[in-house]
Protein chains: 2
Amino acid sequence: MIIRSNTVNLLKRLSKYIKKLTKTKKTTIKDIANVLNISPAAVSKALHDDSRISDKTKAAVKTVAKKLNYQPNHLASALRRGKSNLVGLIVPRTNSNFFSSVVQNIEEVLNKKGYNIIITQSNESFTKECSNIDTLLFTQVDGIIASMANETIDLDYFEKIKSKGIPLILFDRGENDLNVDYVGINDYDSSHMIIEHLVDQGCKRIAHIGGYRHTRIFNNRVKGYIDAINKHNLPLEDELLIESSLTIEDGREKMEQLLALENRPDAVYVAADYAALGALQVLEEHQIRVPQDIALVGFGNEPFTALVSPSITTINQHSAEIGKQAALTFLERVKTPGAKQTLNKIIFEAELIVRDSSNKKG
Amino acid sequence: MIIRSNTVNLLKRLSKYIKKLTKTKKTTIKDIANVLNISPAAVSKALHDDSRISDKTKAAVKTVAKKLNYQPNHLASALRRGKSNLVGLIVPRTNSNFFSSVVQNIEEVLNKKGYNIIITQSNESFTKECSNIDTLLFTQVDGIIASMANETIDLDYFEKIKSKGIPLILFDRGENDLNVDYVGINDYDSSHMIIEHLVDQGCKRIAHIGGYRHTRIFNNRVKGYIDAINKHNLPLEDELLIESSLTIEDGREKMEQLLALENRPDAVYVAADYAALGALQVLEEHQIRVPQDIALVGFGNEPFTALVSPSITTINQHSAEIGKQAALTFLERVKTPGAKQTLNKIIFEAELIVRDSSNKKG
DNA sequence: CAAATCTGCTTAAACGTTTAACTAAATTTA
DNA sequence: TAAATTTAGTTAAACGTTTAAGCAGATTTG
């Protein structure tokens, strides 16, 4: 009968509390403690499956927690433990397939480990990037995973992250100078693969519309282009190597520039798909056959590259793997909080996807 | 000389603290208070420009704060004030131009008011959407702005947000049944505009590849289609009205289906741009002239619609305005926390962008 | 069978801010 | 010039958790 009367008592206390709670706000650990006549500390431990709490108490705590619709206060726990379980993300933009896929995979991996992510966009602007960093630090994130804006040259703001002692992981657009983890693809080799392929298709005069060389990945693509051109004893001329911002409009403009040359190229390798699309439009407008007259290769495997006609040959950047690896690298870093960050590169080999825009052999 | 010696003292205390801080972690309000020999409360008030703190003290606090590189602990302040200054976003995906633009504009408006946003993606999955809601509630967001997944029919999880008493604002994909704020465009009218335009181009047999009708916006587009067709005394036939998931593949499939008809349509209105692109591919493959043989209209004004050839006529959804308005609506709601949420629709008129795929008059 | 160990809790402090309530001194008002 | 008000702070509690330290009582060990 003792058990029976205990149960009755519990029910009474419970209903009393439920009434009270409808008037007030949220259930806290204290409420559960009061219902069960134990200390809040015991409740906290029970909820975390601490070994020093009996199974009976654990079970009781959990059922009461459910009954009272208890939701842990994330802020309080984060404050006490000194970590927020939030990871900040900074990407140039989210409406590119590459970045959104990276983000999705980072999210997937981190969610499983109890982390949530805050996504911010820099829109390729240095100023916005800086304010994003401030925002994330202010929000007490446990780490930051970032891909730099095109504009970014000054790295003081990223140093700020490092100096706070929270992990910083860079992907795609990164800087060795920062001495932090980096995840990306081999841009240098990718250029080689592209040139190799174009040579294989019989192209003899290959132009490159590249990105700004102060951004390492674009510089690496340019270096790969130069070395591969030299390797094959093809003409390496200033007029064939163009630096640009790689927007669609820029792709159009630079393509017009190439078409205006006395000695036109028979292939153009554009360092980003959107710019390649702009270039393709211009080629069509000039009724130049692609790939017969001029072959075209892009970079990034944006979905539309498979959809336009002719479909565009491009490089698959393994966004999913990059995202996963960036997340895993972060998880590795938070394991040993005090540790000094060191340069640690993880490089995936890219994959060339040959499509109609460069496939002369059909 | 008193001032002089005070300054000297301050400097001493400051340097002492700076030394200490290099060893320990972050500057807190207490550190600043110690340096200046005032109470932490005074520091807090000074930093918030409380009128009961002298200008002199305010200035002193602010300079010391800067010197010590003070960053307010967002968690502590959020815990104390009972709000996190975080707003949760749930979108089906971020790699569509519409959603990323909405997100960007929400961010812009809210950042100015001191809010940060947490973006989550549902990937059109109901399960993921539910877990996103849990995540956001767990993170103690001050409000949620969401666009529903295609799959979502059961609204219990959204009711959960409401029952927590935090503002919920829906945009684009919403449900009247929830009785919350909604921001979107007039889908019904948009269909009318499209049919009007096609009729104007001389089309007489217009098909519609629509979305799932349980999603209100797609249902509204279908209803608009039906009413407009009737209004113009055009044939309204089952075989011309197709329900689909509106992916590219689905667009291809349904277009094939339409082409297999004995009595083919002379125009197709597809309720999403990606599906319209799939349809366009199929038309090209069948060497059907667009718009001469069959005119095509999409929905959403994705960037590629202007870039493919023929460029695709589509509907501009005013993503920027929708984002801004959603954010402003949230800000309005948090002003009066206890207030019951009510149905409050803000509807923008959409804009038809006529391009080559439907322009027979050239 | 006394000492050591284990079990299952409790106590109390801490995380860094904010804020209601108080106070002492300075200033204004009647 | 005494009373009232203003100024510029201080004090202490609170937000909801977590956790180190402590402590009875039960069990094991030598």
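The sequence lines fix the lettering, A, B, ..., with proteins before strands; numbering per chain opens at 1.
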Quick one: D50(A) CG to dA20(D) P, roughly how many Å, whole number? 10 Å
Choosing from dA12(C), dC15(D), dG9(D), which nucleotide comes nearest the side chain of A42(B)? dG9(D)
Hey, does the side chain of S44(B) come within less than 4.0 Å of dT18(C)'s phosphate (OP1/OP2), counting only N and O? yes
Pair K83(A)-Y115(A), side-chain donor/acceptor within less than 3.5 Å: yes
By a strict heavy-atom criterion of less than 4.0 Å, which residues belonging to residues 53-63 of chain B are in contact with DNA chain D? I53(B), S54(B), T57(B)
Protein-nucleotide distance (D31(A), atom CG; dC15(D), atom P), rounded to Å: 11 Å
Which nucleotide in the list dT18(C), dC9(C), dG16(D) gets nearest to the side chain of L79(B)? dG16(D)
Side chain to side chain donor-acceptor pair (under 3.5 Å): pairs with one or both residues in residues 163-173 of chain A, sequence neighbours excluded: E124(A)-R173(A)
Could you pick out which residue, P40(B) or R81(A), lies toward the 5' side of DNA chain D when each is mapped onto its nearest nucleotide? P40(B)
Can you tell me which nucleotide in dT17(C), dT10(C), dT19(C) comes closest to the side chain of I38(A)? dT10(C)
Separation of I29(A) atom CD1 from dT10(C) atom C1', in whole Å? 14 Å
Would you kindly give the CG-to-C1' distance between L75(B) and dA14(C), to the nearest whole Å? 15 Å
Considering only heavy atoms and no angle criterion, is a donor-acceptor pair shorter than 3.5 Å present between the side chain of K45(B) and the base of dT17(C)? no
How many Å lie between NE2 on H48(B) and P on dG16(C), as a whole number? 16 Å
Verdict with reasoning, D142(B) to R81(B), per salt bridge (Lys or Arg N to Asp or Glu O under 4.0 Å): CA-CA 12 Å; D142(B) 290 346; R81(B) 294 180 332 182; over 6 Å; no
Nucleotide dG16(D), atom P - distance to OH of Y70(A) in whole Å: 10 Å
Going by atom types only, do T27(B) and Q71(B) share a side-chain donor-acceptor pair under 3.5 Å? no
Under 3.5 Å, is there a donor-acceptor pair between the S54(B) and T57(B) side chains? yes
Go through the side-chain N and O atoms of T152(B) and E129(B) and say whether any donor and acceptor fall under 3.5 Å apart. yes
Counting only side-chain N and O atoms of S39(B), is one of them less than 4.0 Å from OP1 or OP2 of dT10(D)? yes
Could you tell me how far apart L36(B) (CG) and dG9(D) (P) are, to the nearest whole angstrom? 11 Å
Per T28(A) side chain, nearest of listed nucleotides dT10(C), dG16(D), dT17(C): dG16(D)
Could you list the residues that satisfy side-chain contact (heavy atoms from CB on, under 4.5 Å) with A327(A), not counting sequence neighbours? I106(A), V109(A), L110(A)
Let me know the distance between CG of N73(B) and C1' of dC15(D), rounded to the nearest Å. 13 Å
